[in-house]
Protein chains: 2
Amino acid sequence: MVTLAEVAQHAGVSASTVSYVLSGKRSISASTRERVEKSIQRLGYHPNAGARALASSRSNIIALMVPLRTDMYVPVMMEIAIAVATTARTHGYDVLLLTGEEGPAAVRRIAGSSLADAMILMDVELQDERLPLLREAGRAAVLIGLPADPSGLTCVDLDFEATGALCVEHLAGFGHREIAVIGEAAAVYERHTGFAERTVDGVRAKARETGVRVLHRPCEGGYAATAGTLARIFDERPGTTGFVVQNEAAVEPLLNLLRQQGRAVPEDVSVVAICPDQVAAQASVRLTSVAIPAQEMGRRAVEQVVAELAGRGTGEVELLAPELTVRASTGPAPARA
Amino acid sequence: MVTLAEVAQHAGVSASTVSYVLSGKRSISASTRERVEKSIQRLGYHPNAGARALASSRSNIIALMVPLRTDMYVPVMMEIAIAVATTARTHGYDVLLLTGEEGPAAVRRIAGSSLADAMILMDVELQDERLPLLREAGRAAVLIGLPADPSGLTCVDLDFEATGALCVEHLAGFGHREIAVIGEAAAVYERHTGFAERTVDGVRAKARETGVRVLHRPCEGGYAATAGTLARIFDERPGTTGFVVQNEAAVEPLLNLLRQQGRAVPEDVSVVAICPDQVAAQASVRLTSVAIPAQEMGRRAVEQVVAELAGRGTGEVELLAPELTVRASTGPAPARA
DNA sequence: CGGCCTGATCGAAGCGCTTCGACAAGTTCC
DNA sequence: GGAACTTGTCGAAGCGCTTCGATCAGGCCG
């Protein structure tokens, strides 16, 4: 491995000069800079990450804690993770991948060892165990998701309340009076994952406002579970004509089941999904949907974290405005029987 | 931040003694060890990762390069990535997440900076640009996937040839004589991703052996694309009664389309999928399938990499044997018309 | 024209850890 | 009973980098 000292010798300057060329923290004459840069090229020099971290107490690594669970829609997680990784690179950071398995201890370990300069947490629960540790660690941190008490922590998330409201507004605008929400798996609500509850809150609020009746049912996803959920919904509310689906694993089963039951979409029943655009566009009926802006969330999270590391942190909650794309799965409610 | 020296002082020993307690590289008396461990607890000491990396030239980090592309089934990637991260932790390693974006340069950067001790590459192409750099870097490395020339590199992958053969064998055993393979997107083949081609090779070989006719068609996935592919297949080979599907995005569309065409599964047509068990079990018809052992692949990759770092590397190709699970989508071929 | 400021460079100190050699104090063995 | 080990501990040297003065050569000002 080539070292700074070797580069310095090759360029006929001191080690510190090379360091300043690299960091730009002091002015260097054009001729010296060129000479040094040429030597760096020639020798194929790469600064040693450990030495750099030790000397500067900056690792240029951002830790990303992803949930271990697979009861939530994985592609969204992956998309966020990839967006985080690529955005981080454009700011000169690498990303360390932590799974939830280690739990809150991971926060302590990473902060304690100075392995990462900052952390991004995904799948944040309303009362998340990791948050006290995070505050205490005094490191830059951004949450993707919104806990009950976000004080002192920067958060990035889709505005799920507005999302829920938007879905209801759309359906109500089409004259639907009875709406069912097919939600995430029950475990997601039990764990008090913020986004799921907030969506329902938004749905309820807008329903009240527009005088629409709402029935919310968790659903495990998959055919069998969705069939059961759907049967119970129609049992309880036979007049249901609008669906809001917030569970990717229930989308396709739902469409199939409705078809099998002879309910046409959107003539008899309208469906709005909360899911990535790709899923909505590729479903058997092109779905009217509110997209989950996974990329945008990952990108914003990194930008916030980088801002915090640069001392320009906001410590604020940033909610992304939902956007509803009308496709082929929603239409006017059928005339009342 | 608490340092080694502070722990040493607190425990009344020298710094090196604390270091040896931590690493176990020299014998330490029980009493001293206890005292040091107690001090570590009390002070909440965590070794500084950078300092450790610098002094030992070991970062205890494994870099994982995941593809940036999303034309391949993402959940499998995610499952592998998570398995890698959790397995790595059990061996004392953290995982650095690199996306394909940086391309081959990432290999050079990571190796050059000693940021990671080893690399795991996913989505390896037959002629992968990263491989020469990897060999040259002289770092421990494991590929998940199988390039054309794996010499000198440890590889872990599902035995896709055997997988293809197994699918055909299963269908042939049920008396199917005309089989269609619905494959990955054309781009996957153009890029010469090993697994896709190897599956087809396995299919062809076993078909020859059993006297079965095979038609292979790439497919983009989604409804529209799958419909087109399916139409062309029946057009060309009206007698097709068996399908092998290696594209998760085509599975559900295919089942729906067959149903719409009045072809019952498995009475008229049998379908074998190559996909994660979860997808197979949750599909609208429970699918006979060969599972993609994502977790196992991630786990084995880490174990190989750890072995290499410990100097017990094999440098060999490890192909995991496929397992076919019979579910409800395959049965005897219908009597010839 | 002497003092001062600016710009470019250097030297040295250290960041917190690992590891090697040294050494004192037992143990073992013939 | 001492040579030859073994065991447990320490001190010091460095790993490769950043960064803080310090230095030195010019340029500028009154």
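Chain A is the first sequence line, chain B the second, and so forth, proteins listed ahead of strands; every chain is numbered from 1. What you see is a predicted model, and the numbers here were worked out from it, not measured in a lab.
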Taking only the side-chain nitrogens and oxygens of [X], find out if one of them lies under 4.0 Å from OP1 or OP2 of [N].
| X | N | value |
| --- | --- | --- |
| B:Y45 | C:dC17 | yes |
| B:S14 | D:dG11 | no |
| B:K25 | C:dT18 | no |
| B:R52 | C:dG16 | no |
| A:S29 | C:dT9 | yes |
| B:T32 | D:dT9 | yes |

Report which part of the nucleic acid [X] touches: base, sugar-phosphate, or nothing (heavy-atom distance under 4.0 Å, all strands).
| X | result |
| --- | --- |
| A:S27 | base |
| B:S56 | sugar-phosphate |
| B:T3 | sugar-phosphate |
| B:S57 | nothing |

Write down the distance between [atom1] ([X]) and [atom2] ([N]), rounded to a whole number of angstrom.
| X | N | atom1 | atom2 | value |
| --- | --- | --- | --- | --- |
| A:N48 | C:dC17 | CG | P | 16 Å |
| A:Y20 | D:dT18 | OH | P | 10 Å |
| A:R58 | C:dG16 | CZ | C1' | 19 Å |
| B:M1 | C:dC17 | CE | P | 11 Å |
| B:L4 | D:dG11 | CG | P | 14 Å |
| B:R35 | D:dG8 | CZ | P | 14 Å |
| A:I28 | C:dC10 | CD1 | P | 8 Å |
| A:H46 | D:dC15 | NE2 | C1' | 19 Å |

- Whichever of B:A55 and A:R33 has its nearest DNA chain C nucleotide further upstream toward 5': A:R33
- Look at the side chain of B:R26 against the base of D:dT9 and say whether a donor-acceptor pair falls under 3.5 Å; ignore hydrogens and angles. yes
- What is the distance from atom CG of B:L121 to atom CG of B:D128, rounded to the nearest 0.5 Å? 7.0 Å
Is the closest side-chain donor-acceptor distance between [X] and [Y] under 3.5 Å?
| X | Y | answer |
| --- | --- | --- |
| A:E308 | A:T154 | yes |
| B:Y93 | B:R58 | yes |
| B:T32 | B:S29 | yes |
| B:Q304 | B:T314 | yes |

- Of the candidate nucleotides C:dG16, C:dT18, C:dA12, which contains the atom at the shortest distance from the side chain of A:S16? C:dA12
- Task: Determine the minimum heavy-atom distance between B:S39 and B:A11, stating which atoms define it.
- Result: OG-CB, 3.3 Å
